[in-house]
Every structure is written in structure tokens, then in C-alpha cells.
Amino acid sequence: MTYDSNTPSMGSSSSVSAMFDSRHEAQRAVDRLQDAGFSSSQIRMVEGSEAGTTGRTAESDKGFWDSLGDFFFPDEDRYTYAEGLSRGSCLVTVTGLASADYDLAMDILDDEGTIDLNEREQSWRSEGWGGYESSPYASGAGGSGNHASAGGSYTDRSSVLTEGAQSSDESIPVVEERLRIGKRDTSHGRVRIRAYTVEEPVSETVELRDERVELERRVVDRPVTGADAFQDRTIEAEEHREEAVVSKEARVVEEIALRKVSDTHQETVTDTVKHTEVEIEDDRTDPTSR
């Protein structure tokens, strides 16, 4: 992406801008910025042409150029942003950033898929786009390449001009990529314990005792005694039978629980970053001109 400011120094504020290919992506970035605590007065979104490159006119291109007039952009960047807007992109700018908020704003804009303007410019030039130097606004623009607002700063994404050079001189942008490593939490599955009740048949054998009463008759022949004299008498016996009695008792026989155990590990992330190398050949013979 293209940033409009260097990291702000202590006690100063700065701004950062980024372009998106669609309004949906730009609005999503604006929503995330607001959720992160940035006020709506700090955030500005400029929508591009819905028709893209179809039906473009000089008046519509000038309209996008004029809409960026109150931004503290160098004219070269202002023209590039205007070209992106005329092709249907959206511009999001966050202003008044303190040093503590600068990295957060950049990370949010990066996460939402911002456009790399340097690569996009190369693609446009391959299609015949001439850039700011061939635009109708280049003559008399008078931009110096660096602009500052009250309480803020702005640094051109192009290389800094040498002392005494004019803004219309041709320059080579020096680009450098920086690797930012972030972290995110990812799910690697879950462990779930579910308790439910099932019934299963069980059987046990128990020995039961039965008592029965039997009538017994015996034939005897003996003299009558006093105990045998005529008298009323009743004898009885009660039968008993054991029956199985079932009772249940619930007992806790085991406990199962889940607990989280965390540890840390180090991982080395290897990637490549690009930067611009500049070779200067000075074959002038006059040492005073150096």
C-alpha cells in the first residue's frame, strides 16, 4: 500500500492514506478503524467512479483532482490518487495520528487489502498512462514534494530531491519493503465430553428359603392318658417363603474433566523483501560541479 506519512515523531501527529479496489473493502476498513477507537472526524473516504474507466471525461478526471485539493499530497501523488479514483477505486485517509496510533492504523488498512500504488502505476504506464509529468496539471503546479499541515507531517513516497533541485526534475523512487510479523489464533479441533444415561440388563442369583406346612397322620394304639382326655384343642403352623427384594444405590465411580494446558514455542518466519538499489555514475571532469 501507499502511506502518506512517515512514523510521527514525539509530540506530532501525522496521517496515512490507502486505496482500495472496491467501496466494500474501503468501508470495511473504515468500520474496523472506528471499532478500534478512531473518531469519524479522523477518517475520510473518497469514492471513485462506479463506471471505472468506461465513459471517462476530462471533466470527471478534473473533478477527482479537485476533490483531493485539501489533502496534503504532493501533486504527483495527488494525480496518482485521482487516476485511481477515476478507475473506480476508493481512497481512505486517517488524520491526526499520534505515534501510538500510527502502527495500528497502518495494520488495519494493510489487513483489508490495500492497493500497492507503485505496482499499480507500473501497470497503468504499461497501458499507456503517462503519469503526472504528462498531465494537464503538471505545468505550474509548483509542488515541492514535501507538504506539512498544522500539527502534522507528510512525506512524499518518492525519493527526496537533492538540495537546489526543482520539483519538475525527473527523480527515481527508492522503494523498500518491510516485513511485519503478526499473530492470529487458529482452531485445531476440540475435545468434547457428553454425559448421558443408558440402561443395560444385569442378573444375579440369590438363594431363597421356603417353609411349607404338611399334614402328617400317624396310626397309634396306646392307652388314653390325662393329656389325651377329651378336650377342645387347636394347633396351627404358618408357612413362610423368602422373596427377592431389589434396591438400587447410585455411586460415583469416576470423574472426567477437561483442562487447558498452554505452552509457548518459537517459530522462525522466513520471507523475502524487496528494495531499490541505486547506482550513480558521475563522469564529470569538473570537480566544482559535483
Side-chain angles (χ1 to χ4, degrees), residues 1 18 20-40 42-43 45 92 94 100-114 177-273:
M1 66 177 294
F20 298 86
D21 277 325
S22 67
R23 186 189 186 281
H24 174 72
E25 293 174 340
Q27 185 60 52
R28 190 168 56 191
V30 170
D31 293 340
R32 284 196 57 191
L33 288 167
Q34 292 177 339
D35 293 341
F38 295 97
S39 65
S40 57
Q42 292 180 269
I43 306 170
M45 182 173 71
V92 176
V94 188
D101 300 328
Y102 185 80
D103 289 338
L104 176 59
M106 287 200 304
D107 290 341
I108 291 176
L109 294 174
D110 271 341
D111 290 344
E112 296 305 326
T114 58
E177 287 184 337
R178 296 181 181 178
L179 188 65
R180 286 191 177 93
I181 305 298
K183 296 187 294 184
R184 66 178 178 183
D185 183 26
T186 59
S187 175
H188 289 269
R190 66 175 62 187
V191 178
R192 177 183 297 169
I193 298 177
R194 184 172 68 92
Y196 57 94
T197 303
V198 297
E199 292 185 358
E200 60 180 11
V202 295
S203 61
E204 291 189 12
T205 302
V206 60
E207 185 175 340
L208 303 176
R209 187 167 61 88
D210 295 340
E211 290 184 352
R212 298 188 306 276
V213 177
E214 295 181 352
L215 181 63
E216 182 180 349
R217 291 176 176 268
R218 296 188 298 271
V219 179
V220 295
D221 185 9
R222 57 181 174 78
V224 176
T225 63
D228 298 329
F230 293 99
Q231 57 182 327
D232 294 336
R233 180 181 296 180
T234 301
I235 60 174
E236 64 180 20
E238 186 178 355
E239 291 186 347
H240 287 270
R241 175 179 298 174
E242 291 182 339
E243 295 179 350
V245 179
V246 178
S247 63
K248 298 179 182 180
E249 179 186 11
R251 305 279 297 178
V252 179
V253 297
E254 187 180 4
E255 291 182 339
I256 300 177
L258 292 177
R259 64 186 180 93
K260 287 186 177 181
V261 179
S262 63
D263 56 6
T264 60
H265 69 280
Q266 293 183 342
E267 180 176 342
T268 301
V269 179
T270 304
D271 206 335
T272 59
V273 294

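Residue numbers start at 1 and run along the sequence shown.
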Participant: Can you run down the side-chain hydrogen bond (donor to acceptor under 3.5 Å, both in side chains) pairs that involve residues 194-210, sequence neighbours left out, and say none if there aren't any?
Facilitator: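 Those involving residues 194-210 are R209-E211.
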Participant: Who are the side-chain contact (heavy atoms from CB on, under 4.5 Å) partners of V206, not counting sequence neighbours?
Facilitator: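 With sequence neighbours excluded, V206 shows a side-chain contact (heavy atoms from CB on, under 4.5 Å) to L208, A244, given in chain and number order.
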Participant: For E236, check side-chain contact (heavy atoms from CB on, under 4.5 Å) against everything at least two apart and list the hits.
Facilitator: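 Listed in chain order: nothing, the list is empty.
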Participant: To the nearest 0.5 Å, tell me how far H24 NE2 sits from Q27 CD.
Facilitator: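 So the NE2 of H24 and the CD of Q27 are separated by 9.5 Å.
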Participant: Going from CG on L109 to CG on L104, what distance comes out if it is rounded to the nearest 0.5 angstrom?
Facilitator: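 Here the interatomic distance stands at 9.5 Å.
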Participant: For the CZ atom of R32 and the CG atom of D107, what is their distance to the nearest 0.5 Å?
Facilitator: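 So the CZ of R32 and the CG of D107 are separated by 9.0 Å.
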Participant: Rounded at 0.5 Å granularity, tell me how far OG1 in T272 sits from CD in E177.
Facilitator: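 Output value for this atom pair is 7.5 Å.
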Participant: Identify the heavy atoms of A105 and L33 that sit nearest to each other, and give their distance.
Facilitator: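 That closest heavy-atom pairing would be CA-CD2, 4.2 Å.
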Participant: Among all residues two or more places apart in sequence or in another chain, which pass the side-chain contact (heavy atoms from CB on, under 4.5 Å) test with E239?
Facilitator: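 E239: side-chain contact (heavy atoms from CB on, under 4.5 Å) contacts with R212, V213.
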Participant: Just how far is it from atom NE2 of H240 to atom CD of E238, taken to the nearest 0.5 Å?
Facilitator: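 Answer rounded to 0.5 Å: 4.0 Å.
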Participant: Suppose we screen for side-chain contact (heavy atoms from CB on, under 4.5 Å). Which residues come up paired with Q34, at least two apart in sequence or across chains?
Facilitator: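 side-chain contact (heavy atoms from CB on, under 4.5 Å) list for Q34, sorted by chain: V30, D31, S40, I43.
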Participant: For a quick test of reading the model, state the closest non-hydrogen atom pair linking A18 to T114 and the distance between them.
Facilitator: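 What the structure gives for the nearest pair is CB-CG2, 3.5 Å.
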Participant: Would you call Q42 and D101 a side-chain contact if the rule is heavy atoms closer than 4.5 Å?
Facilitator: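 No - every pair of side-chain heavy atoms lies 4.5 Å or more apart.
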Participant: Who passes side-chain hydrogen bond (donor to acceptor under 3.5 Å, both in side chains) against H188, sequence neighbours left out?
Facilitator: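 By the side-chain hydrogen bond (donor to acceptor under 3.5 Å, both in side chains) rule, H188 matches T186.
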